[in-house]
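Please read the structure below before turning to the comments.
Counting starts at 1 for both ligands and their atoms, following the listed order.
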Amino acid sequence: MGLQGIMLMQLTLIGLLLASMAAAAVAQAKPGCPDRCGNVSIPYPFGTKKDCNHSQHFLLYCNDSVVPPKLILGLNLHVVSISLKLGELKILHYVGRDCYNSSGGLVSNNDPMLRLGPGYTISGRRNKFTAVGCDTYAIVRAYKGQERYTTGCMSVCDSITNVINGSCSGIGCCETSIPEGTTNFTVKLSSYNNHTSVRAFNPCSYAFVVEETHFKFSSNQFRDLNNTENLPVVLDWRIGKERCKAARKTETYACKGKSECYEPDDWSGYLCKCLDGYHGNPYLPDGCQDINECDDPRLNKCVKKGRCKNTSGNYTCACPKGYHGDGRQDGDRCNLDHLQVIPVVLGAGIGFMILLLSISWLYWGLKKRKFIKLKEKFFQQNGGLMLQQQLSQEEGSDETIKIFTAEELEKATNKYDESNIVGRGGYGTVYKGTLTNGRIVAVKKSKMIDKSQIEQFINEVLVLSQINHRNVVKLLGCCLETEVPLLVYEFITNGTLFNHIHGERKASTISWEVRLRIATETAGVLSYLHSATSTTIIHRDVKSTNILLDDNYTAKVSDFGASRLVPLDQTQLSTLVQGTLGYLDPEYLLTSQLTEKSDVYSFGVVFVELLTGEKALSFDRSEEERSLAMYFLSSCKDDNLFQVLDKRIVNEENIERLKEAANLAKRCLRLKGDERPTMKEVAMELERMRMMEKYAWIDSKEKEQLHGESSKAYDNDCSLGFTSASFDSLGVPMNDGR
Ligand SMILES: *[C@@H]1O[C@H](CO)[C@@H](O)[C@H](O)[C@H]1NC(C)=O
Ligand SMILES: *[C@@H]1O[C@H](CO)[C@@H](O)[C@H](O)[C@H]1NC(C)=O
Ligand SMILES: *[C@@H]1O[C@H](CO)[C@@H](O)[C@H](O)[C@H]1NC(C)=O
Ligand SMILES: *[C@@H]1O[C@H](CO)[C@@H](O)[C@H](O)[C@H]1NC(C)=O
Ligand SMILES: *[C@@H]1O[C@H](CO)[C@@H](O)[C@H](O)[C@H]1NC(C)=O
Ligand SMILES: *[C@@H]1O[C@H](CO)[C@@H](O)[C@H](O)[C@H]1NC(C)=O
Ligand SMILES: *[C@@H]1O[C@H](CO)[C@@H](O)[C@H](O)[C@H]1NC(C)=O
Ligand SMILES: *[C@@H]1O[C@H](CO)[C@@H](O)[C@H](O)[C@H]1NC(C)=O
Ligand SMILES: *[C@@H]1O[C@H](CO)[C@@H](O)[C@H](O)[C@H]1NC(C)=O
Ligand SMILES: *[C@@H]1O[C@H](CO)[C@@H](O)[C@H](O)[C@H]1NC(C)=O
């Protein structure tokens, strides 16, 4: 025996194990009864032993003397499988066959017949009557109950190549249905020509009833079927002939436990099945077992969240706490309770808000970063570093220039609102603003981002940072963070001198005395710029629009954008000609040599403006007199001074002093810079004139004396062009000019 024996034992053990497992899975035989024959399981109501069968026609015989054991139904039907659920039983049955020899003699013949006992019928749905052959016709004679019927089919072909594989339509193979409820049949085969013409490839005819799904026709079947003894046939079995209603009343009613009766056919018999929610053998008392639907997702319709609970014969789905609904896929599923929804929605909302906030925070953060970078860029572009450096060198001065932030100024000017604009010009726009400490300021916003403008701008800051004079507009600070630099000045309330002389409000004319003071103050500033500061500063753009007036008509010189710092050892500076037409020094215009005397010339024009009330450049005048300086000088030459003087300031008292002033102006306007007085001289002269003006009202004698001196001191090129006698006749207003 040895090794082989052990292996065989092992195999047997394994086989037994597998068999018992299969039996446990089905567990369908009556307790204590053999539940299988060979590998065919035998469920109750079938049985192979006395009392193992439900009724007499379910008694089977298992022939153990053959290997594998053969399960026999009736006398000789070989059972290969039994299905409880479908009420079916599969047997093997003979293939009918007629074979011919070359001379057309029938050499073998088999016409099978099948006779079934009560409770069994041949399944009309599951079987087909089939004939195979090329010179064949086959007849099946059957009984449906007591009713006899005959059917059949014919199959012919001339060549094996004619046949169509898979098709039983009369060429090499034909088939026909058999009626439901057939209890017995006989097959009869015939040939037209004893296969004489097709013998070469098909000497035999075949006919059989076969499970439809099992038989697949092909040309090979001509040969193969010769070696096939039998083919499966599906039988229907029923508990009895009774219908459910009648059967329930009988003692032999087969449906046990959690099962029910049903009628699969519409003519006779009944079957049993387990109730929904149970499975097992419905013919056994405890055959139907509760199904745990929850174990198999295919068996329950609970949604994932819906907790499945196995009940007897059914199951329930339950939603977890905080949810409502039935938890079924085909039902309400599980929805959050409203009470829960609110906090969840709230939570989600808050989460979303937080997300939103953090995103926007990030966004603004980035934007701000970008903005700060931009501001830094502007700061550098605007010469901030240079300025900072320059300013830091000037430490010690009591009022240092403040560097404002962009936000500060934006706030002060109400975002540069139109209503805050107090001045507009080629240079840019001036806004009135209020700082947080309440101080009113003027914010000058450069118009262009042009580099030269920015240089000018820085220049102005540098110049003004060196000046501390009561008649110079005080620079409070600047802002370099914006694209265009911004300057912040003290706010001068009363507008420009230009506006007062030439503006609409001519009614509020300023008196000669005030005009003289303005001229004196302006001259004082220029004199200071030229000599009193550590380096010479040339304003370069002296004009009436750059002289501001406060409420007391105190002059405040502004706009040092064009001003130049001239190193002390240099007396003149070569620059690009810059200034305002009408005020521009012709010598400077010709030579591009900038000296302090250019400011003297410009001042001269302003002074003439004060004297005449005429604009520095007027297109109302003839071409050669378009420039006020030219007009004034030619008037002087033609002894026409009186004609050009502002009528609003001239009176009998001051006529001589006006003439004197006109002479000073004339000297300032000399073509050659060298011949012009210095600003200091002009300032001193004007100071003296102011003194005289005061004296004029105090002591006329002294006045005359002073006047006489001044007349002698300077050449009098300018003639009034009329005698004192004719003065009255001209109808000049004789008020005192106040
Ligand atoms: C039974 O065993 C035979 C071979 O021994 C096999 O062909 C057949 O399919 C088996 N039947 C079942 C129902 O397992
Ligand atoms: C089982 O079949 C035998 C033979 O037909 C029969 O005598 C017997 O009564 C049947 N058993 C039952 C429980 O019907
Ligand atoms: C069992 O089958 C064998 C072989 O087919 C046969 O000879 C024998 O008679 C059968 N036994 C019974 C009791 O029918
Ligand atoms: C066919 O065979 C039958 C029986 O063997 C015979 O009677 C008949 O004459 C044969 N017919 C032909 C055409 O061979
Ligand atoms: C064919 O079969 C018939 C009858 O079975 C027989 O008489 C005849 O001799 C056979 N012919 C040949 C060629 O075998
Ligand atoms: C077929 O069954 C019917 C009725 O059940 C019966 O009369 C007939 O004789 C049977 N035929 C054969 C061949 O057994
Ligand atoms: C039919 O099928 C067989 C094999 O299954 C093949 O040998 C034969 O050539 C086929 N015939 C046709 C006509 O396709
Ligand atoms: C078919 O089988 C019969 C006997 O079963 C035999 O006489 C015949 O020669 C076989 N024919 C073929 C083609 O295999
Ligand atoms: C199981 O329960 C559901 C609802 O609870 C019901 O619709 C269904 O018919 C029941 N199934 C069975 C087999 O009782
Ligand atoms: C659930 O199903 C199992 C079968 O798997 C069964 O044994 C049990 O009794 C069932 N539970 C209920 C509560 O019906």
Side-chain angles (χ1 to χ4, degrees), residues 33-34 36-40 42 46-50 52-53 56-80 89-112 114-117 128 130-136 155-175 188-206 208 210 212-233:
C33 291
R36 55 185 44 249
C37 177
N39 60 3
V40 182
I42 309 159
F46 294 90
T48 52
K49 292 219 165 83
K50 195 174 179 283
C52 286
N53 51 328
Q56 59 184 47
H57 59 269
F58 291 122
L59 185 70
L60 304 175
Y61 171 66
C62 185
N63 190 344
D64 298 321
S65 55
V66 292
V67 178
K70 236 183 195 177
L71 188 64
I72 306 295
L73 167 65
L75 284 175
N76 56 358
L77 297 178
H78 180 187
V79 177
V80 291
L89 183 145
K90 203 181 285 182
I91 58 160
L92 295 178
H93 195 247
Y94 296 104
V95 172
R97 179 188 294 117
D98 270 9
C99 288
Y100 298 84
N101 67 10
S102 53
S103 57
L106 190 62
V107 289
S108 82
N109 162 257
N110 171 29
D111 292 331
L114 179 62
R115 189 191 294 170
L116 296 175
K128 277 276 187 309
T130 307
V132 173
C134 280
D135 183 10
T136 305
S155 169
V156 290
C157 64
D158 291 325
S159 153
I160 196 165
T161 55
N162 287 354
V163 305
I164 304 161
N165 284 349
S167 163
C168 273
S169 52
I171 308 165
C173 172
C174 68
E175 66 180 19
K188 185 77 196 140
L189 269 169
S190 288
S191 170
Y192 297 103
N193 282 317
N194 297 353
H195 281 254
T196 43
S197 55
V198 295
R199 219 198 81 87
F201 60 90
N202 176 224
C204 303
S205 290
Y206 310 96
F208 42 88
V210 68
E212 192 184 5
T213 55
H214 187 266
F215 182 74
K216 291 274 179 290
F217 173 70
S218 80
S219 57
N220 283 357
Q221 296 290 359
F222 292 145
R223 189 188 65 236
D224 292 347
L225 278 173
N226 204 36
N227 305 317
T228 305
E229 204 181 346
N230 39 44
L231 287 168
V233 177

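Between Arg97 and Cys204, the shortest heavy-atom contact is CG-CB, 4.5 Å. In this structure, Cys157 and Val163 approach most closely via the heavy-atom pair SG-CG1, 4.1 Å.
Applying the 6.0 Å contact sphere to NZ of Lys216 captures more than 12 heavy atoms from other residues, nucleotides or ligands. Atom CZ of Phe215 has more than 12 neighbouring heavy atoms from other residues, nucleotides or ligands inside a 6.0 Å radius.
Each of the atoms 1 (C), 2 (O) of ligand 5 lies under 4.0 Å from some heavy atom of Gly105. Using a 4.0 Å cut-off to heavy atoms of Leu106, the atoms of ligand 5 that qualify are 5 (O). Residue contact check: Ser219 has heavy atoms under 4.0 Å from atoms 1 (C), 8 (C), 10 (C), 11 (N) of ligand 7. Residue Ser102 approaches ligand 5 through these ligand atoms, each under 4.0 Å from one of its heavy atoms: 13 (C).
Here Val163 has backbone heavy atoms under 4.0 Å from ligand 7, and that is the only part of it that gets that close.
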N or O contacts of ligand 3 with protein under 3.5 Å, please list pair by pair.
from, atom 1, to, atom 2, distance (Å)
ligand 3, 2 (O), Asn63, ND2, 2.1
ligand 3, 11 (N), Asn63, ND2, 3.1

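Checked by distance only, ligand 7 and Thr161 stay at 3.5 Å or farther apart across all their nitrogen or oxygen atoms. At least one N/O-N/O distance between Ser103 and ligand 5 falls below 3.5 Å.
The SG atoms of Cys37 and Cys62 are placed within less than 2.5 angstrom of each other.
Ring pair Phe222/Phe201 is tilted by interplanar angle, where 30° to 60° counts as tilted.
Residues Asp135 and Asn193 bring no donor and acceptor atom of their side chains to less than 3.5 Å of each other.
Of the charged side-chain nitrogens involved, at least one lies within less than 4.0 Å of a carboxylate oxygen, so that Glu212 and Lys128 count as a salt-bridged pair.
Between the side chain of Thr228 and the main chain of Asn230, no donor-acceptor pair closer than 3.5 Å is present.
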